[in-house]
Amino acid sequence: MNVRRLLLKFLPRYVVGRLVIYSKLMRVEKPIGTLLLLWPTLWALWIASEGVPDFVVLLAFAVGTFLMRSAGCVVNDFADRGFDGAVERTKARPFARGLVSPEEAILLALILCLLAALCLLPLNRLTWLMSLPALFLAVTYPFTKRFFPLPQFYLGLAFSFGIPMAFAAVTETVPPLAWLLFTANVLWTLAYDTIYAMADKEDDLKIGIRTSAITFGDNDISAVMLCHFWFTMLMVILGFQIGATWPYWMALPLTVYWQYEQYKEIQSRDRWACFRTFLENNRIGMAWFLGITWHYIWVAIQAV
């Protein structure tokens with residue numbers, strides 16, 4: 001029995017219909033954004049706690065990540081409600097089909113942000129303070145596509161703020177190591193979201209939206225690979241900073257291989273090839289997380 005049928009047993013059909021539409025606004029059925037936001041946050045939590053994150057802190061960040069990504073999607077669709085119908089990939093979204101009102105979207109975004117704020121309650125004051133710029137970046141990003149030539153860089157800042165917040169929650173400080181990881185993730189986000197923007201480049205040019213794929217022009221692939229390169233170099237530096245053992249370094253050749261595969265795949269600049277390539281970045285985030293996790297497990301085993 002699917003979720004919709006289960007809800008229909010207990011709730012009126014109208015309510016179920018609205019919940020389904022709201023879930024689409026939140027991209028519940030497309031978890032890739034949550035995962036790409038979650039992986040760097042988990043990297044930071046494991047490094048800050050030296051492999052033993054507190055369960056309450058871990059749960060707060062996991063739930064908060066889902067809620068803030070969902071709120072960001074709602075705000076994004078609200079901001080793009082006049083454009084999504086003209087873009088092939090987004091023409092079936094709720095706003096593009098006239099299924100939701102601006103007022104509903106604003107209320108839903110506020111509720112999600114308030115729920116995310118509740119996740120901060122068990123955390124320290126510094127984490128609360130760090131959440132303010134994180135919130136500002138998350139809700140303003142969708143509007144930067146009107147005037148900022150590299151909105152994907154701005155998104156990178158928004159997607160990376162979980163890193164200093166994680167260090168703040170665990171250590172009550174934000175050391176240089178956190179900002180090193182922050183910079184690495186900004187570059188990674190700029191790389192994969194430029195590939196994402198390449199999928200919509202033709203439509204975005206028609207409607208006048210700014211993206212890094214448009215700004216980089218014919219150098220878009222070179223820009224993507226340069227960002228991938230420096231992201232990987234910073235992860236190498238991070239490895240030396242934390243005294244990484246062999247499990248951490250296993251993620252390095254995998255990352256380089258997958259980046260090379262992405263380079264080959266996006267050469268055609270085909271819309272759906274670029275979109276599939278964007279999705280494949282999830283495994284890079286997972287590989288580094290597993291490398292970090294097993295590094296600390298190996299250190300613990302060696303200490304016994």
Side-chain angles (χ1 to χ4, degrees), residues 26 31-76 109-142 144 152-190 192-193 231 234-235 237-238 241-242 281-282 284-286 288-289 292-293 296:
M26 295 163 57
I32 181 65
T34 300
L35 291 171
L36 290 173
L37 183 56
L38 184 61
W39 291 128
T41 305
L42 294 179
W43 304 342
L45 281 173
W46 254 254
I47 292 171
S49 63
E50 297 185 344
V52 191
D54 179 81
F55 177 75
V56 173
V57 174
L58 176 60
L59 182 63
F61 273 91
V63 176
T65 294
F66 168 76
L67 291 169
M68 283 310 301
R69 186 262 178 165
S70 299
C73 289
V74 175
V75 174
N76 183 79
L110 286 173
I111 292 171
L112 291 168
C113 288
L114 288 173
L115 291 174
L118 293 178
C119 295
L120 294 171
L121 291 179
L123 308 179
N124 58 48
R125 185 178 180 182
L126 179 59
T127 312
W128 298 355
L129 292 174
M130 294 296 292
S131 72
L132 297 177
L135 175 63
F136 175 81
L137 290 167
V139 299
T140 56
Y141 157 70
T144 61
Q152 282 66 32
F153 172 76
Y154 197 92
L155 178 69
L157 299 177
F159 263 42
S160 301
F161 239 89
I163 293 169
M165 286 180 64
F167 274 89
V170 175
T171 68
E172 297 191 29
T173 185
V174 185
L177 190 65
W179 296 114
L180 171 66
L181 189 56
F182 179 93
T183 304
N185 193 61
V186 170
L187 290 167
W188 182 43
T189 307
L190 180 55
Y192 67 65
D193 210 54
F231 158 66
L234 290 179
M235 294 302 284
I237 294 171
L238 176 73
Q241 291 287 316
I242 65 174
N281 280 277
N282 178 55
I284 291 179
M286 181 174 64
W288 283 114
F289 173 66
I292 292 168
T293 301
Y296 285 110

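When a residue number appears, it is its place in the shown sequence, counting from 1. Only heavy atoms go into these numbers, but all of them, side chains included; no hydrogens, no water, no symmetry mates.
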Which heavy atom in [X] sits nearest to a heavy atom in [Y], and how many Å separate them?
| X | Y | value |
| --- | --- | --- |
| Arg69 | Pro31 | NH1-CA, 4.3 Å |
| Pro164 | Ser160 | CD-O, 3.2 Å |
| Phe159 | Gly33 | CE2-O, 3.9 Å |
| Ala48 | Phe167 | CB-CD2, 3.6 Å |
| Ala169 | Phe61 | CB-CE1, 3.6 Å |
| Pro122 | Ala60 | CG-CB, 4.5 Å |

Minimum side-chain heavy-atom gap [X]-[Y] below 4.5 Å:
| X | Y | value |
| --- | --- | --- |
| Met235 | Leu181 | yes |
| Val186 | Thr189 | no |
| Phe66 | Met26 | yes |
| Asp193 | Tyr154 | no |
| Ile47 | Tyr296 | yes |
| Thr127 | Val57 | no |

Which value, rounded to the nearest 0.5 Å, describes the distance between [X] atom [atom1] and [Y] atom [atom2]?
| X | Y | atom1 | atom2 | value |
| --- | --- | --- | --- | --- |
| Met130 | Asn124 | CE | CG | 10.5 Å |
| Phe153 | Leu190 | CZ | CG | 8.0 Å |
| Met165 | Leu45 | CE | CG | 10.0 Å |
| Phe161 | Leu137 | CZ | CG | 6.0 Å |
| Thr65 | Leu38 | OG1 | CG | 5.0 Å |
| Asn185 | Leu180 | CG | CG | 11.5 Å |

Using modelled atom types only, decide if a donor and an acceptor are shared between the side chain of Asp54 and the backbone of Val170 within a distance under 3.5 Å.
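Flag not set: sc Asp54 to bb Val170 has no pair under 3.5 Å.
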For the side chain of Thr144 and the backbone of Thr140, is there at least one donor-acceptor N/O pair under 3.5 Å apart?
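A pair under 3.5 Å: no.
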Given Trp39, Trp43, Phe182, the one that forms ring-ring contact (aromatic ring centres under 6.0 Å, His included) with Trp188:
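Of the listed residues Trp39, Trp43, Phe182, the ring-ring contact (aromatic ring centres under 6.0 Å, His included) partner of Trp188 is Trp43.
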Give the intermediate values and the outcome of side chain to side chain contact (heavy atoms under 4.5 Å, CB included) for residues Trp46 and Leu42.
CA-CA 6 Å; Trp46 254 254; Leu42 294 179; 4.0 Å; yes
Aromatic plane relationship, Phe231 with Trp288 - under 30° parallel, 30 to 60° tilted, over 60° perpendicular:
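Rings of Trp288 and Phe231: perpendicular, as their planes differ by over 60°.
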Which residues share a ring pair (Phe, Tyr, Trp, His ring centres under 6.0 Å) with Trp128, sequence neighbours left out
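Counting only residues at least two positions away or on another chain, Trp128 forms no ring pair (Phe, Tyr, Trp, His ring centres under 6.0 Å).
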The test is side chain to side chain contact (heavy atoms under 4.5 Å, CB included); show your working for Glu50 and Ile242 and say whether it passes.
CA-CA 9 Å; Glu50 297 185 344; Ile242 65 174; over 6 Å; no
